[in-house]
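To start, the structure under review is shown below, and the notes come after it.
For clarity, every value in this text was computed on a predicted model and none was experimentally measured.
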Amino acid sequence: MKFRIERDTLADAVTWAAKSLPPRPAVPVLAGVMLRVTDGVLQLSSFDYEVSSEIEVPVHADADGTALVSGRLLSEITKALPHKPVEIAAVDAHVELVCGSARFTLPTMPAEDYPTLPALPARAGTVDAARFAAAVAQVAVAAGKDETLPMMTGVRVELNGTTLALLATDRYRLAISEIDWQPDDPQISANALVPARNLADTAKSLGALGGELVLALTPGGDGMIGFAAGDRRTTSRLLDGTNYPPVRNLFPTSHTAHARVGTAALLEVVKRVSLVAERTTPVRLLFGPDGLVVEAGTAEDAQASEAMDAIFEGPEPMPVAFNPQYLLDGLGAVSAPMVQFSFVESRKPAVIAPASEEGEVLPGYRYLVQPLQWP
């Protein structure tokens, strides 16, 4: 194997291939990135039996071949190289990398021990990559982190006709985002539970490329999901979502009070006031006819409060307390100028949704969050 490639092209390709490498691989070869040159095309790939990443880039090849090298080391090296063409060659049990006057020699691992990458599942349709990435970012923050409850660590992908819905919950909050997509089968009805971290990393990386993103899914929603854009593709195992709860039913069918606030202004106020909130103490919001007061802290410790404009509609003032990070996550996912809070009562889950400057609730995103006890 011997080829030449531009430094930026190589660094970008290695970064993509190495993005999903496990921090503590079960076997040493899973820490490697496979380099394979065939007919002037360099294929870089990684696989840890859960997530696979693959990219193909054209190179000036003098000899075809393969080599398996440490992915993290190769990634660090390529990012640090000068902006000059890079020459890479496999020599015996090493790979030699030359860029200008910089020279590196990396040991190779046995390529024959490396697992075969899974094939991309059957194509289901396409979606705007940037819009998909934004929707994933909105819901992934609500996924659980407790690995003893694996179902809660996933994002549920629901495909129904031309609507693609993403849902995630950690039992204390629930986020839903719905977007349009272009299914190959207009009558499609399928779902998959994808590990939230894998989905978030993939959506962010491919969303930055723009254009269309191909979504591929194992028939029946079991086993694997895949994504492809341009010269990149990735697959991820699915979580068992057989008994995923009917979380849509958690959204109230009616509300007794509503409040609208400027999204950016409320974000800044909550960030300031929550500086005095301990990890387990809430941020308190008091909505009323005169606007909104945001408070945090206790009489024995530091305290903060700030008043701001808000439009409130309800029979009586609404005091409600939230985990500050949960509240910030929900507000941060709203890209609209206004955010609407909808309440049943102060101790029951509140719904956060984007709204226009005219006060119209916008479709697509909803965030349900369980209040804490008002001190």
Side-chain angles (χ1 to χ4, degrees), residues 1-25 28-48 51-91 93-109 111 114 117 120 129-130 133 137 197-211 213-214 226-236:
M1 181 187 74
K2 186 176 181 180
F3 63 92
R4 296 181 304 281
I5 186 173
E6 291 300 316
R7 179 264 186 191
D8 289 348
T9 302
L10 177 64
D12 185 53
V14 172
T15 298
W16 167 259
K19 71 179 180 62
S20 56
L21 289 174
R24 293 180 295 277
V29 293
L30 296 184
V33 164
M34 180 70 77
L35 286 71
R36 178 177 285 106
V37 176
T38 307
D39 298 330
V41 175
L42 168 65
Q43 179 192 77
L44 298 99
S45 58
S46 66
F47 182 42
D48 67 350
V51 179
S52 74
S53 299
E54 183 180 344
I55 183 171
E56 294 182 346
V57 292
V59 295
H60 300 283
D62 295 325
D64 292 351
T66 61
L68 181 65
V69 298
S70 167
R72 299 198 185 282
L73 181 57
L74 183 62
S75 179
E76 292 173 358
I77 290 172
T78 54
K79 291 176 184 177
L81 291 174
H83 292 273
K84 295 181 179 180
V86 183
E87 295 185 1
I88 295 180
V91 181
H94 295 81
V95 164
E96 295 182 353
L97 186 153
V98 178
C99 181
S101 60
R103 179 183 294 270
F104 294 86
T105 300
L106 298 127
T108 59
M109 293 179 275
Y114 199 72
L117 264 67
L120 200 69
R197 184 174 61 182
N198 297 348
L199 185 61
D201 290 345
T202 295
K204 183 177 180 180
S205 299
L206 295 179
L209 302 176
L213 174 64
V214 174
F227 301 94
D231 52 13
R232 306 173 189 224
R233 47 157 271 177
T234 183
T235 64
S236 172

Could you work out, with side chain to side chain donor-acceptor pair (under 3.5 Å) as the rule, every residue matching [X], not counting sequence neighbours?
| X | result |
| --- | --- |
| Thr235 | Ser52 |
| Asp48 | none |
| Ser20 | Ser53 |
| Ser46 | none |

Side chain to side chain contact (heavy atoms under 4.5 Å, CB included) with [X]: which residues, sequence neighbours excluded?
| X | result |
| --- | --- |
| Glu56 | Val41, Gln43, Glu54 |
| Ala228 | Leu120, Val214, Arg233 |
| Arg7 | Leu81, His83, Val86 |
| Asp201 | Arg197 |

All N/O donor-acceptor pairs, side-chain side in residues 58-68, below 3.5 Å, sequence neighbours left out:
unit_1, atom_1, unit_2, atom_2, d
Asp62, OD2, Arg4, NH1, 3.0
Asp64, OD2, Asp39, N, 3.4

Can you confirm whether more than 12 heavy atoms, excluding those of Lys19, are under 6.0 Å from its NZ atom? yes

Hey, what do you get for CG (Leu213) to OG1 (Thr202), rounding to the nearest 0.5 Å? 9.0 Å

Any chance you could measure Met34, atom CE, to Phe47, atom CZ, to the nearest 0.5 Å?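 Rounded to the nearest 0.5 Å, the CE-CZ separation comes out at 12.5 Å.
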
What's the shortest heavy-atom distance between [X] and [Y], and which atoms?
| X | Y | value |
| --- | --- | --- |
| Ser236 | Asn198 | OG-ND2, 3.3 Å |
| Val33 | Leu35 | O-CD1, 3.4 Å |
| Leu117 | Ser45 | CD2-CB, 3.5 Å |
| Leu30 | Pro25 | CB-CB, 3.9 Å |
| Lys2 | Ala89 | CG-CB, 3.9 Å |

So do Thr234 and Trp16 actually touch side chain to side chain, heavy atoms under 4.5 Å? yes

With a 4.5 Å limit on heavy-atom distance, are the side chains of Ile88 and Met1 in contact?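 Of all side-chain heavy-atom pairs linking Met1 with Ile88, at least one is under 4.5 Å.
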
Can you pull the side chain to side chain donor-acceptor pair (under 3.5 Å) pairs that have at least one residue in residues 71-80, sequence neighbours excluded?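 Passing the test, one end in residues 71-80: no pairs.
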
Who pairs with Arg232 by salt bridge (charged side-chain N to carboxylate O under 4.0 Å, His left out), at least two apart in sequence or on another chain? Asp12

Per-pair distances, 0.1 Å, donor-acceptor, side chain in residues 96-107, under 3.5 Å, sequence neighbours excluded:
none

